[in-house]
Amino acid sequence: MFCSIILRGATKQIDRMFTYRVPSDLEGTVVPGSLVSIPFGKGDSQRCAVVVELKESFDGDESQVKDISSLISNTPVLKADQLALIDKISDRFNCTRGDVVELMVPSCVVNHKNPVEVFVELISRETAEEVLRSETLRSIAHINILEYLLERGKCSRKELMSSLSCSAAQVKALEDKGLVRLVKETSDNESSVIAIEDAPKGKFTEEYDLSDEQKNAVSEIFNGIDEKKPNTYLLFGITGSGKTEVYLNCAKKVIAEGGSVIYMVPEISLTPQTINWIKGRLGDDVAVLHSRLTDKQRYEQWNNIRTGKAKVIVGPRSGVFAPAVNLRIIILDEEHDSSYKSESHPRYSAKDIARMRSLITGCSVVLGSATPSVESFYAANMGAYKLLELKSRARSEAKLPNIVPVDMKEQIKLGSGTMLSAPLRQAMSVAFSEKKQVILLLNRRGFSRTLVCEDCGEPVTCKNCSVAMTLHNNRRNGSQSLVCHYCGYTIPAYEAQCGVCGGKHFTKAGFGTQQLEEFLHTAFPHEKVLRMDQDSTMTPGAHKEIIEKFANKEASILIGTQMIAKGLDFPDVTVVGVLGADLMLASSSFKASERAFQLITQAAGRAGRGDHPGTVFIQSMRPEQPLFQFACTQNYRAFYEQEIEYRQKLKLPPFKAVGEIVLSLPDESLLIERANVVAKYLNDFLGFQDKKYQFEVFGPIPCVIYELRGKYRMSFVIKAANKSAINGVFKRLIEDFDHVKFPMSFDNDPQEG
Ligand code: ADP
Ligand code: ZN
C-alpha cells in the first residue's frame, strides 16, 4: 500500500505530493488525514506530514519509495472536508499547501506525546487459575490482583493499584513469579480538567422570549441549516439588538441535532466573561481556543473537537480551521472586525475560509454586525448573502446614548487646548462626582504621519484617490514629501495646499495616548488613569489586567486606542470621548471612513450600558462632516450609501480587487534598484493582459511604515477585476523572481494603508 503526503510547513520548493509506502504493520491505521513521521531528503531527516490519499500501486520505481516511519497521532488529524480545503486555500492566499497544513494542524498536536502508561496482563489464564486453586499464594494482595485480572482482563497498573489498594511492588512480585507481564502503551483517552479562567457566571444564563425580529432571523437561519446548502446570512442589527441571542439559538438547534458549531469572535472579545456565558448557555461541550492556553490545554481542546466531544468551538480567526465533526454552522460575530484577517503569512481571511468551508460541507455561515463591512453589505444587497435585520434594541429600557459632536476649531479658539473640549471636561467632572467612569478613545493609526490644515483641519489628500497623503522624511537631504499610498502620487511637503480652504499652513496631526495621560494627570489630579494601547499591552495578560482593574473601579478613566472600543461591558461608564475623530479619516487607507464609522458606533455602544444614560462626545475639527452625522444617529445605511458611491467612483472593493506587493531589503539603494526591476516587469507583463482583467498598476511607492525592523519597504498596488486576477499576477512574480534576492510579500486584501 502506498500513500501521497503533504509535508507540514513545506516551503515552495518541496510543496509537492510525495509518495511513501505504508508498512504492513501500519496498514489499516494510516488513512487520509493521518499525521505521520517520514524520512525526507538525502539525510532522511524525520519530517512531519499529512496523508492525503491511499493508493494501491505506484507507477514508478517502487524500490525508490521510502517507508513511513511512524504514526504521530493515533486518530486522523484532518477530516475529509479539511483535506478538500487545502488546495483551495493555498490557491486563494498564495501560500504552500504545507502552510495550510500547518494552520490546520497546530504545533501542539505535532508535539503532543500520548502519555505512556503501564498495563498489566496475565501471561496465561490457565496458569493463574491453577495457582489460585492450589492456594499456594500467601499474600492476599497477590490473590486479589490475579482475580481482578481474570475477571476484567488487561488493565492499567494505576487502575489496579487504586481499585485494590495494592502497591507497585506487589505487582512486581507477581511479574517476578512469571504470572503477569507489564507492558508500556500509549493511551489516547487522556482525561484531565480543562482549566478555563473563572469568572462569575450569570447575566447570559437566562433565556429570553425572542422578539419578532429575532424569531424571524432564527427561523430563516434554521431553514438554511436544514437545507444543508452553502447559505450565508448577514445579521445586521444595531448594538444591543440581541444578535447574540440569535447565535445561541442557532447553536442550540445544531447541537441538539448532533452537529457542531464554529463560533468566532474577535480576538480581543475572547475574555473569560464571554467564554463563561457561552458555556453557561450551551453547556460544557464547548471547546475554547484562545491565545492564553498552554500547549497541553490547547491540545485537549483540539482533541475534544476532533473526537466530537466538543460540539461548539469558540475561538478567534484560527477557529475556522478546527476539525469540527459534522459542521453545520459557522458564526462570525462582529464580522467587520479586522482581526479576522491575518496580517502575517499566510495572509488568510477567516471570513473567506468560512465561505469556502461552507461550499464544501453545506454548512451555513452567519455574519453578524451592527456596522457590516462595506463588502458584506454590498454582497447582501446583491443577493449573494441573505440579509436579516434587527432594527430595535432587545431590552426596551436600553436607550441609545446621547451623542454630542464638538467643534474643536471653536474650542481651540476659546482656549480649551487641543485635547479636551470644555463640554467633555464638564461631563467628566460630573461623572467623577457621581462615582462614574469615563472612556477616552484615541485612534493612533496613521497619526502624526499626516499633515492637517491649520485653518480648517482638513488633511492633505491625494488629488486622484481622496485618501490622506502620508508624510515621509527623506533622510538624505532632510526634505519632506507627501505620498499617496494608493497611486504613488508624491509632492514636496512645502507645496501642500489645502483642498478645502486653500490654506497653506499645515501642522502634524494629533497627539498620542501618553501625552493625553500626562495631560489628564494635571487636569484631574485626583482621578486614576489606565491606559491601554500597543505599548501598555505588550506583556501577555496585560490587556486582561487593565480591563479587570477598570471593571473593579480601581481607576475612573480608561484611555486607549481602538482596542477598547469593542465588546467590553462596563456598566458604570457614562461618558465616552472620541478624540481626534477626523484623524481617523486621515489614515492613508481607503477603509479609513469605514473603520472610523465602526469605531464611533461601537464606542457609542460602550456608554450607558447599565441603568444610567450615557453621553458620547465626538471631538473633531470638522463636525459637519456627513460621516459624523451618520455615526451620531447610528445611521449605517446613510453611511453605506455615501461610501459605496465613493468606492464605485474610484473603482475600489467591492467593485475591483486591490492587491499589494511589498518588497523589503536592508539596503536602501538596492531596494530602489530592485523595485524598479519589478516595476518594469509588472508594466510589461500587465500591458499585454486581456482588457477583461482590468489591470492597473501603481508603484513603486514607499510603504506607510518605510523602515521596519531594519528593512526598507516599497510597495506596489495592483487593481484588477477580481481576486483571482490579482492572484494570477502574484503567482507569476513568485515563479519568476528569486525570492532571496527579491523578498516580497503578497496581500490580496490589504486592510491598512
Ligand atoms: P448585540 O450583540 O446585538 O449588541 P446583545 O446580544 O448583547 O446585543 O443583547 C443586548 C442585551 O439584550 C443583552 O443584555 C441581552 O441579554 C438582552 N436581550 C437579548 N435578547 C433579548 C430578548 N429577546 N428579550 C430581552 N432581552 C434580550
Ligand atoms: Zn492617490
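Counting starts at 1 for both ligands and their atoms, following the listed order. Remember, predicted model here, so these are calculated numbers, not experimental data.
Considering backbone and side-chain N/O atoms, T244 comes within less than 3.5 Å of an N/O atom of ligand 1. Considering backbone and side-chain N/O atoms, Y208 comes within less than 3.5 Å of an N/O atom of ligand 1. Ligand 1 has a nitrogen or oxygen under 3.5 angstrom from a nitrogen or oxygen of G240.
Ion pairing between R281 and E245 holds under the 4.0 Å rule for side-chain N and carboxylate O. No salt bridge links E335 with K243; every basic N to acidic carboxylate O contact stays at or beyond 4.0 Å. Taking 4.0 Å as the cut-off between side-chain N and carboxylate O, R647 and E594 count as a salt-bridged pair. Checked for salt-bridge contact, K528 and E554 miss the test: no charged N lies under 4.0 Å from a carboxylate O.
Heavy-atom proximity to L210, at under 4.0 Å, picks out these atoms of ligand 1: 23 (N). Each of the following atoms of ligand 1 lies closer than 4.0 Å to a heavy atom of D209: 22 (C), 23 (N), 24 (N). Using a 4.0 Å cut-off to heavy atoms of T239, the atoms of ligand 1 that qualify are 4 (O).
Residue D333 does not touch ligand 1, judged by heavy-atom distances below 4.0 Å. Contacts between I238 and ligand 1 below 4.0 angstrom, taking non-hydrogen atoms only, involve the backbone exclusively. Only the side chain of Q214 comes within 4.0 Å of ligand 1, counting heavy atoms alone; its backbone N, CA, C and O stay farther away.
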Table please: side-chain donor-acceptor pairs of residues 319-329 below 3.5 Å, with sequence neighbours left out.
unit_1: N326; atom_1: ND2; unit_2: G258; atom_2: O; d: 3.3
unit_1: R328; atom_1: NH2; unit_2: I225; atom_2: O; d: 3.1

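Side-chain rings of F377 and F236 approach one another, their centers coming within less than 6.0 Å. Ring to ring, Y646 and F590 are not that close: their centroids are 6.0 angstrom or more apart.
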